[in-house]
Number of protein chains: 2
Amino acid sequence: MATEAPATGGTRRDRTRRVTLADVARAAGVSASTASLAVNGAGPVAPATRERVLSAARSLGYSGPNPLARSLRRGRCGVVAVVLGERLAYAFSDPMMVGMLDGLADEVGTAGSSLLLVPLSGPTGAAERLAALPMDAAVVDDCDAATVDLIPALHARGVVVVGVDGPQGSGIPVVDLDDEAATTALFAHLADLGHTRFGVITLPLALDTVGGPLVPADPATRERLAKGAGVQRRRTLAAEEAAARHGVSVRFVEAARNLVDEGERAAATLLDGPLPESPLPGCPRPAGDARPTAIIAQSDVLALGCLRAAGTRGLRVPEDLSVAGFDGVDLHLFDGTTLTTIEQPASEKGRTAARLVAAALSGQQPDDVRLTTRLRVGTTTGPAPGR
Amino acid sequence: MATEAPATGGTRRDRTRRVTLADVARAAGVSASTASLAVNGAGPVAPATRERVLSAARSLGYSGPNPLARSLRRGRCGVVAVVLGERLAYAFSDPMMVGMLDGLADEVGTAGSSLLLVPLSGPTGAAERLAALPMDAAVVDDCDAATVDLIPALHARGVVVVGVDGPQGSGIPVVDLDDEAATTALFAHLADLGHTRFGVITLPLALDTVGGPLVPADPATRERLAKGAGVQRRRTLAAEEAAARHGVSVRFVEAARNLVDEGERAAATLLDGPLPESPLPGCPRPAGDARPTAIIAQSDVLALGCLRAAGTRGLRVPEDLSVAGFDGVDLHLFDGTTLTTIEQPASEKGRTAARLVAAALSGQQPDDVRLTTRLRVGTTTGPAPGR
DNA sequence: TTGTAGGCGTTATCAA
DNA sequence: TTGATAACGCCTACAA
């Protein structure tokens, strides 16, 4: 039976037409619908018929249902997008992010889906790129105000959107951490050790920031905090509050990026003063420009940079300076050093996000999930000097 | 005009139908084709008509062309798959891989495409998962024999396949490195320093390996090498050759994974002997079980583990032991140590792969590309003890 | 157990 | 400049 080349509507890029289910059906002498049932192993098909179809498929070199056509028909394509604010190199330089993605990919994979990486950093309009890509759902990693604006368009397309670490209150289910409690625990730990001069290295408040000292009282700071991602806001506000409660002073420096080098740079700012002093109301002002004796970094990556800065200056950790991080990732420190940090279930965060996606795709309206962290005391924090 | 709900052929998961271009066309009182032209800014449309269409689209909340439908029609969907042998956490724990992916994503992005991550580690059949996903092209990271088998099916679907670091001779364009020359350079550097007892820590020869000593003469080793990924094979064979040429002894230990911990474990095997001696023909057999004075790891990640193993044993680097890596990634070593290593253009490798993809998609048959590396001498290699 | 019909949403072609 | 038509390739309700 001749397979005459059908007059095609559009332009054909390649001269050889791909084998379709219709071809297989024709070769097997059955209807397309029967061929579909046979190929998919669905529905009732006489064994003989099935065999005929399958062997036709084999001999024609049929490569299975076209994913695009099938997806269009079914309304699902097995793709979950991950919307990243950064280039891959930056996002993936954070083991926390990698852990999250790993959990996400794994759990999403059990549902038969795969991850599509969509960095918003490119030159092209983020919105257009996102709109043109096939996806059933999108996971946005805690994002700034600009990224939040993309959500309505996705919803309009029927794309499920789930947030990781934020944004809260944007009408999407979110999985996040007890950042406030974690920050509070870090302050308590260090205050108990007698520290009264704190430094905090915050994560970048926006994607395009240059970092630098952060003056809490400055309205610009408040606004940037408000528009920034939730993690930064929650951890920073909690730090202000904890410092006030413990009656200690605290200086904030924003890192330009979540990179070791930037952590080092921010630490330098804290350690090499002078800095604008910004004691909170009711806090005793430390004498002179005395450097902080305890630095809390909002990520382990930044904390690592802080350790380097200390080393460069001949400061012993923790004798001269206590350093704490946030995340609990394995940083391969040498010499038996272990970072005091907040352990967060990075992979579980990803898995949970995947579950939220699955629930939403099946028509439910899942609630937010808050995961709990725990303080891990390592060797980088100790009594304040002179105690 | 009422938009009567059309009797739909399939099952509708959601009760609310999405707004389609046909809806917009109807509302604007034009044909679907005209609406398409207007919305896409293509073709000649009267300004008034365009405006009418666009405003109809706006007021109906049209979210733009359905990517799936458009892709089906156009035959391109803007997705480039990255086929990974590992889970994300393992693959991304290697900065080299991250650099490659970053370059790939960036360059692919300029062509308007995004990366789809497809780990083959899952429980489901790799082939099926791959076959069901929408993609224009697939980039396979240097892979073992099993992964090579997936290529024909992709080609049958009309998917362009490009290899990174391998597999050579599989009928796909490949971008790789001058691994042999690089390995030779490392041996020459260390032999010049007077080393005669070498250890080599190889990358895992297969995804499911448990690692351990590798006996070159063993036929099983040869077979595993032959079936493994190209990088491992090329670097290992070149090491054998270089050792023979320099008349030095060499022991090989295979790491179970490309992880710092596994590098440490492999190094322990080399340093703590006794090991099966396997001098190459013509190589002087080292007296007793003397440990190697120089270790070459096939990745910086493994080399880092090796440094840790040395530290644990009180071996000074490079006084007691020289260590060299491969990749040239930034590992954030403390104390001013810089690893002697082979610098490879990881990001450029990804970019090149993207260019091969673009060329192949435009109907060309691009040639393989070989990128060049360069030896970077750091502080971890020095004269052999007693020289 | 099999076939028919219809449509998923879009866009290229071609004629008007 | 616009519109009718025909695919893109598949799947499913329903009839036979």
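Naming convention: chains lettered A, B, ... in sequence-line order (proteins, then strands); numbering from 1 in each chain. Given the structure is predicted, the values throughout are model-derived calculations rather than measurements.
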Length of the line joining A:R76:CZ and C:dC8:C1', which is rounded to integer Å: 14 Å

Return no unless some side-chain N or O of A:T20 is found under 4.0 Å from OP1 or OP2 of D:dG9. no

Could you go over nucleotides 1-3 of chain D and give all protein N or O partners under 3.5 Å, atom names and distances?
{"residue": "D:dT2", "atom": "OP1", "partner": "B:T49", "partner atom": "OG1", "Å": "2.2"}
{"residue": "D:dT2", "atom": "OP2", "partner": "B:A46", "partner atom": "N", "Å": "2.7"}
{"residue": "D:dG3", "atom": "OP2", "partner": "B:S31", "partner atom": "N", "Å": "3.0"}
{"residue": "D:dG3", "atom": "OP2", "partner": "B:T34", "partner atom": "OG1", "Å": "2.9"}
{"residue": "D:dG3", "atom": "N7", "partner": "B:S33", "partner atom": "OG", "Å": "3.4"}

Residue pairs fulfilling side-chain hydrogen bond (donor to acceptor under 3.5 Å, both in side chains) with at least one residue in residues 147-158 of chain B, sequence neighbours excluded: B:D144-B:T147

Whole Å only: how far is the CG atom of A:L72 from the C1' atom of C:dT10? 8 Å

Quick one: the side chain of B:R73 and the base of C:dT11, do they pair up donor-acceptor inside 3.5 Å? yes

For A:R52, check salt bridge (charged side-chain N to carboxylate O under 4.0 Å, His left out) against everything at least two apart and list the hits. none

Is B:K349 paired with B:D165 through a side-chain N to carboxylate O contact shorter than 4.0 Å? yes

Would you say a side-chain N or O of B:N40 is under 4.0 Å from OP1 or OP2 of C:dT11? yes

A:R18 atom CZ is separated from D:dG9 atom P, nearest whole Å, by 9 Å

Contacts of A:S170 that satisfy side-chain hydrogen bond (donor to acceptor under 3.5 Å, both in side chains) - sequence neighbours left out: none

Think B:R74 has a side-chain N or O under 4.0 angstrom from the OP1 or OP2 of C:dA12? yes

Salt bridge (charged side-chain N to carboxylate O under 4.0 Å, His left out) partners for A:E86, two or more places apart: A:R257

Look at the side chain of A:R70 and decide which nucleotide, out of C:dT11, D:dC10, C:dG9, has an atom nearest to it. D:dC10

Looking only at the side chains, is there a donor atom on one of B:D368 and B:Q168 sitting less than 3.5 Å from an acceptor on the other? no

Just jot down the side-chain hydrogen bond (donor to acceptor under 3.5 Å, both in side chains) partners of B:S71, sequence neighbours excluded, or say none. none

Looking at five pairs on each end of the helix from C:dT1-D:dA16 to C:dA16-D:dT1, what is the angle between the two axes, given to 10 degrees? 40°

Phosphate contact (D:dC10 OP1 or OP2) by A:Y62 side-chain N/O below 4.0 Å: yes

Please enumerate all residues that pass side-chain contact (heavy atoms from CB on, under 4.5 Å) together with A:A156, with sequence neighbours excluded. B:S63

Could you tell me which residues satisfy salt bridge (charged side-chain N to carboxylate O under 4.0 Å, His left out) with A:D136, sequence neighbours excluded, listed by chain and number? none

